[in-house]
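Below, all heavy atoms of this structure are taken into account, side chains as well, without hydrogens, waters or symmetry copies.
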Amino acid sequence: MNRPWQKNLINIEPYTAGEQPKSDDIIKLNANENPYPPSPLVQKAIAGFDAESLRLYPPMDAAPLRRAAAKFYGLDPEWVFAGNGSDDILATAFRAFFNSPEPILYPDITYSFYPVWCDLLRVPYKTIPVDSSFCVHTEDYYIPNGGIVLPNPNAPTTIALGLGEIEELLEHNTDSIVIIDEAYADFSDVSCVPLVKKYPNLVVTQTLSKSRSLAGMRAAIAIADPYLIKYLDAVKDSYNSYPVDAVAIKAACAAFEDREYFEETCRRVIATRERTAAELRRLGFILPDSGTNFLFVTHPEHKAEDIFLFLRERGIYIRYFKKPRIDSYLRITVGTDEQMDKLLSALRELC
Ligand SMILES: *Cc1c(COP(=O)(O)O)cnc(C)c1O
C-alpha cells in the first residue's frame with residue numbers, strides 16, 4: 001500500500017515496563033511495587049468518597065495534595081507541584097526546563113524512561129558512563145550542558161550518592177536545572193528536599209507509587225523553588241489543566257497524613273531488603289548496597305537470563321534487562337518476608 005505520510009510518523013522506542021502476570025499466584029517482584037497495602041487512611045478516604053462530587057472537575061492545581069505534601073515536608077504549598085505519577089511530572093519538567101541546544105546529561109545506566117522522553121520531546125542528550133561498580137562520579141558532570149537528570153538512589157543500580165556529592169554537582173552546575181528523581185529516596189537515608197531552599201535550580205521529584213503503595217493511583221509531587229514551580233504549572237496548563245483526579249487527590253492526601261504507617265512500612269521493606277541481601281551474598285550473589293526497595297544482583301556461575309527463566313517457571317517474576325553493561329544483572333523487588341523466603345529457597349535449589 002502507498003503510504004506517503006509514513007515518513008511523518010513518530011519513530012520511537014517506547015519504554016517497556018515489567019510484565020503484568022495473568023494469574024494471581026505469581027510472586028511479582030518485577031516492578032518495584034510495594035508489597036504492603038497503602039495506609040488504612042487511604043482505604044477510608046476511598047470508601048468514604050462521595051461519588052456525586054465527580055460531577056465536577058477536580059481542583060485545577062490539586063491544591064489539597066500540594067498542601068498535604070507541603071505540610072509533610074514543612075514547606076509552604078508554593079514549593080510543591082503535583083502530577084499523575086512522577087513519569088507525568090518528569091515529562092512536564094523536561095518540557096519546561098530542557099530547552100537548550102546543549103545536551104542534557106544523565107548516567108548511561110539509569111531509568112530507561114529518560115531517553116524515551118528525550119526522543120519524544122527532541123531534547124538533545126549525552127549519557128555519562130557510570131564506573132565499573134556502577135557508581136556515578138559527580139565530577140563527570142562538570143561540563144557544558146542543558147540540564148541534568150539523576151535518580152538518587154539510581155535505578156536499577158540501587159546506589160545512592162550522599163548529600164555532599166549532590167551539593168557539589170549543584171555548585172558546579174548553577175547555570176542549568178538539576179532534577180533529582182527521588183522515586184526511591186524514602187528507602188535510603190538521603191533526600192535532597194532540604195536543599196531546595198539553598199539551590200534555586202534544583203527540582204526534586206517524588207512518587208507515591210513506591211514508598212506509599214499507590215502505584216495504581218498515579219500521584220506524585222515535585223518540590224522546587226516557587227519560581228520553577230510556576231513553569232511546571234504553565235506547561236501542565238498548556239496541555240492538561242486538571243492533572244490529578246479527585247479520587248487520587250483524596251487518597252494521596254490521606255497517604256501523606258499517615259506518617260507513622262509510612263515510616264513503619266518503609267522500615268519493614270528496608271529490614272527485609274537487608275536480610276535478603278545477606279542471604280543472597282551467602283548464595284554467591286554479588287550486589288551493591290541498596291538504598292531502594294529492590295536489589296541489583298549478579299552471580300558469577302549462573303547466567304542472569306537463566307536465573308530469570310528458572311524463577312519464572314516457578315512463578316516468581318523478576319526483571320532482566322538485555323542491555324549493554326547490565327545483561328549479567330537482575331533486578332529483584334523487595335517483597336514481603338514470606339515472598340523473599342520463597343525466592344531464596346528457589347535460588348538455593350539453583351545454586
Ligand atoms: C518508578 C519510577 C518513577 C515513576 O513512578 P510513577 O509511578 O510514574 O510515579 C520515576 N523514576 C524512577 C527512577 C522510577 O523507578
Side-chain angles (χ1 to χ4, degrees), residues 10-15 61 78-130 136-155 161 165-185 192-193 195-196 198-207 218 220-241 243:
I10 195 162
N11 179 14
I12 202 168
E13 176 107 26
Y15 175 79
D61 52 2
E78 307 86 73
W79 291 74
V80 182
F81 177 80
N84 289 321
S86 41
D87 290 339
D88 174 45
I89 294 183
L90 286 160
T92 306
F94 273 46
R95 277 191 171 137
F97 304 137
F98 295 159
N99 295 294
S100 163
E102 295 277 10
I104 71 153
L105 311 178
Y106 55 80
D108 62 336
I109 297 173
T110 195
Y111 189 38
S112 45
F113 236 127
Y114 304 152
V116 177
W117 291 318
C118 285
D119 287 343
L120 189 64
L121 303 168
R122 300 191 170 98
V123 174
Y125 64 94
K126 179 177 159 70
T127 57
I128 307 291
V130 296
V136 167
H137 292 275
T138 49
E139 62 270 23
D140 299 342
Y141 293 75
Y142 304 167
I143 55 174
N145 64 73
I148 294 173
V149 57
L150 187 68
N152 200 47
N154 196 9
L161 290 177
E165 290 163 286
I166 304 266
E167 286 213 62
E168 270 179 34
L169 179 76
L170 286 159
E171 270 158 25
H172 284 85
N173 284 284
T174 48
D175 291 350
S176 23
I177 302 282
V178 177
I179 301 178
I180 303 293
D181 177 352
E182 292 199 342
Y184 301 105
C192 297
V193 172
L195 299 183
V196 291
K198 193 167 165 194
Y199 299 95
N201 58 329
L202 168 64
V203 180
V204 181
T205 61
Q206 292 205 346
T207 174
R218 315 310 302 135
I221 55 159
I223 298 173
D225 192 282
Y227 183 83
L228 291 183
I229 299 290
K230 285 204 182 76
Y231 282 84
L232 290 172
D233 280 325
V235 171
K236 168 186 80 70
D237 292 346
S238 304
Y239 72 96
N240 173 8
S241 25

Spacing of CG belonging to L169 relative to OH belonging to Y199, to within rounding of 0.5 Å
10.0 Å
With rounding to the nearest 0.5 angstrom, report the CZ to CG distance, F113 to D181.
11.5 Å
Flag the pair [X] / [Y] as yes when at least one side-chain heavy-atom distance between them is below 4.5 Å, and no otherwise.
X	Y	result
I180	I166	yes
W79	V196	yes
L228	P200	no
Y114	F94	yes
I104	C118	yes
I223	E182	no
I148	I179	no
V136	Y141	yes

State, to 0.1 Å, how close [X] and [Y] come at their nearest heavy-atom pair, and which atoms those are.
X	Y	value
L202	C192	CD2-O, 3.8 Å
P129	D140	O-OD2, 4.1 Å
E78	I229	O-CG1, 3.5 Å
S176	N145	OG-OD1, 2.8 Å
T207	A220	CA-CB, 3.8 Å
S100	P124	O-CG, 3.8 Å

Backbone of [Y] reached by a side-chain donor or acceptor of [X] within 3.5 Å:
X	Y	result
N154	I109	yes
D88	S86	no
N240	D237	no

For P107, the option from V149, L150, I128 that meets side chain to side chain contact (heavy atoms under 4.5 Å, CB included)
L150
Check: Y125 ring centre within less than 6.0 Å of Y106 ring centre
yes
[X] and [Y]: side-chain donor and acceptor closer than 3.5 Å?
X	Y	answer
N201	N173	no
D87	Y111	yes
T92	Y239	yes

Do E167 and K198 meet the salt-bridge criterion of a basic N to acidic O distance under 4.0 Å?
yes
Taking atom CG as the centre, does D175 end up with more than 12 heavy-atom neighbours from other residues, nucleotides or ligands that are less than 6.0 angstrom away?
no
More than 12 non-hydrogen atoms from neighbouring residues, nucleotides or ligands closer than 6.0 Å to CD on E13, yes or no?
no
